[in-house]
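Report on the following structure.
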Amino acid sequence: MNSFMANALQIEALTGWEILDSRGRPTVAVEARLAGGVMAQAQVPSGASTGTHEAVELRDGDAGRYGGKGTRRAAAHVAEIIAPALAGMDAADQAAVDGRMIALDATPDKSRLGANAILGVSCAVARAAAIARGIPLWQHLAAGRPARLPVPMVNIFSGGLHAGGNVEFQDFLALPNGIAAYSEALRAIVMIHAAARELAEARGYRMTGVADEGGWGPPLPSNETALELLTQAIERAGYKPGAEVSIAIDVASSHFYSGAGRYELKSEGRTLTSAEMVDLLERWCARFPVISIEDGLFEDDWAGWQTLTARLGGRVQLVGDDFFTTNPARVRRGIAGHAANAVLVKMNQIGTLTETFEVVGLARAAGWRAVISARSGETEDSFLADLATAAGAGQIKVGSITRSERLAKYNRLLELEARAGLSYGWL
Ligand code: PGA
Ligand code: ZN
């Protein structure tokens, strides 16, 4: 890089402001301006079924605005505290930029500046650097690593905190594991989503719009009903369950864990122990084409996770979301202790791009899979599509195929497929 280019890539200004996410709740947007004149923005997502060990999303706490959920303080930190510390730094040196913000925050959970402010800067700086270098965002982020279009893991039925607690399990997803191209996989999902609605209606379930991530959230009588309907929907859409399109579930079990090792399935009128949860999940994997289970057990049930992994880990992808919260230290512990065999990667759980890539790298080195994921509160930013491609992770989970905050990501991947000549598929 010549010195003219290096100067052009210097961070000159950073601004943050409050915007709304797909649930109408405040989140943060950031703009980065570089010395060469390039400007770029990024918008930060926000979860609802959050893990206890996530980095802190800073909220104003002013009950008179958005019930205390305003983000003006976090947004103000961008220009007032972060910008002076980053001024003059090379926007292309992501590790240095993120490292300086981590040092500036100086808390283990990014609670001083707010992970929402820090992540907004991390992503806006990356996008500005890509533009200044004249290359696509995925290529800038990949930094020489092998890039790859991911297989979409797509929400069809929603439950839990995303659908008013109709059933306890949070996501019933279609995972097109045997389809050769991204666009064909997406087409399959669209047909399965439609077939799922027809089947649910035919059984008399009331369909009232869509849930937080755009999937159907009907009042089903049991968690198992969702699995039956989804299996039938795959067939009705013309695909072979298991061979072409399989099922992934996000149990999100921490959100119906009632303490003392008990999992309360209220919709089914029963309470299960950790061992009984493992039995249930094993039975379901035998009866339905389930090949991936996320957060099958409580986020701090390390012993249970080890049992689950010993029983199912050889044939089923066991993904830690609330369990790992994209935290390198927790992922290291999981790898060392044979708890889970895959990690869900959510940028805002940890707060910087550098740490996000660190988690993907740890997973890869251990022979684990990684799934790049959105949050239930999303924005129209498509950043995640480029991130998943750059990470070469092989899988992406960004909700259903309705609502534009979801389509922003799927459509960006269609663009990359059409224009970038990337390979596709999971690892
Ligand atoms: P969240 O849900 O964004 O509400 O945490 C997504 C998930 O649990 O995977
Ligand atoms: Zn989850």
Side-chain angles (χ1 to χ4, degrees), residues 21-27 43-57 69 115-116 119 150 152-175 210-215 217 223 226 247-257 263 277 281 290 292-301 305 308 317-327 330-331 334 340 342-351 356 359 369-379 381 383-384 388 393 395-400 403 405-406 409:
D21 72 13
S22 55
R23 267 190 290 255
R25 290 188 195 152
T27 183
Q43 302 176 335
V44 178
S46 173
S49 80
T50 49
T52 308
H53 307 285
E54 294 194 19
V56 172
E57 206 171 53
K69 289 192 178 297
N116 39 3
L119 181 65
M153 176 192 276
V154 183
N155 175 294
I156 304 294
F157 287 112
S158 288
L161 292 176
H162 296 168
N166 49 349
V167 288
E168 289 74 21
F169 286 31
Q170 184 175 286
D171 284 323
F172 299 87
L173 310 106
L175 181 48
V210 295
D212 282 10
E213 297 196 359
N223 292 286
I247 293 178
I249 52 180
D250 182 1
V251 181
S253 63
S254 297
H255 302 283
F256 57 88
Y257 181 79
Y263 295 85
M277 280 291 286
L281 295 170
V290 174
S292 178
I293 301 172
E294 180 178 330
D295 284 347
L297 294 172
F298 172 61
E299 63 196 354
D300 287 316
D301 184 2
W305 270 94
L308 178 69
Q317 173 171 275
L318 301 170
V319 190
D321 169 14
D322 293 344
F323 184 43
F324 292 132
T325 57
T326 316
N327 185 314
R330 290 184 71 87
V331 173
V343 57
L344 200 80
V345 180
K346 290 170 167 169
M347 302 187 288
N348 80 323
Q349 283 183 329
I350 189 70
T356 302
V359 162
R369 292 217 176 106
V371 183
I372 305 296
S373 173
R375 301 308 303 242
S376 51
E378 266 297 329
T379 71
D381 196 329
F383 196 98
L384 229 47
Q395 291 173 75
I396 190 169
K397 178 188 180 220
V398 295
S400 203
R403 303 181 39 147
E405 78 279 6
R406 315 286 150 194
K409 286 76 165 167

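Read the numbers this way: they start at 1 and go in the same order the structure lists the ligands and their atoms. Scope of the values below: all heavy atoms of this structure, side chains included, with no hydrogens, waters or symmetry mates. From a predicted model like this one, the values you see are computed outputs, not experimental measurements.
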Review point. Do the two ring centres, one from Phe169 and one from Phe256, sit under 6.0 Å apart?
Key: yes
Basic-acidic side-chain contact under 4.0 Å: [X], [Y]:
| X | Y | result |
| --- | --- | --- |
| Lys346 | Glu54 | no |
| Asp300 | Arg330 | yes |
| Asp250 | Lys397 | yes |

Review point. Near the Zn ion (ligand 2), which protein N/O/S atoms are found at less than 2.8 Å?
Key: Asp250 OD2, Glu294 OE2, Asp321 OD2
Of the protein's non-hydrogen atoms, which lies at the shortest distance from [atom], and what is that distance?
| atom | answer |
| --- | --- |
| atom 9 (O) of ligand 1 | Lys397 NZ, 2.7 Å |
| atom 3 (O) of ligand 1 | Ser376 N, 2.7 Å |
| atom 8 (O) of ligand 1 | Gln170 NE2, 2.7 Å |

Contact check: [X] vs ligand 1, nitrogen or oxygen atoms, below 3.5 angstrom:
| X | result |
| --- | --- |
| His162 | yes |
| Asp321 | yes |
| Ala48 | yes |
| Lys346 | yes |
| Ser49 | yes |

Heavy-atom pair of closest approach, residues [X] and [Y]:
| X | Y | result |
| --- | --- | --- |
| Phe298 | Ser253 | N-OG, 3.1 Å |
| Asn155 | Ser400 | O-OG, 2.6 Å |
| Asp212 | Leu161 | OD2-O, 4.2 Å |
| Ser22 | Arg406 | OG-NH2, 3.7 Å |

Check your understanding: Do side-chain atoms of Glu294 reach the backbone of Leu344 as a donor and acceptor pair under 3.5 angstrom?
Key -> no
Quick one: which ligand 1 atoms are inside 4.0 Å of a heavy atom on [X]?
| X | result |
| --- | --- |
| Arg375 | 1 (P), 3 (O), 5 (O) |
| Asp250 | 7 (C), 8 (O), 9 (O) |
| Glu294 | 9 (O) |

Point to revise | Gln349 and its side-chain hydrogen bond (donor to acceptor under 3.5 Å, both in side chains) partner, picked from Thr356, Thr50, Asp321 | key: Asp321
Revision key, fill the gap. Between the CG atom in Asp322 and the CG atom in Asp295, the distance rounded to the nearest 0.5 Å is 4.5 Å
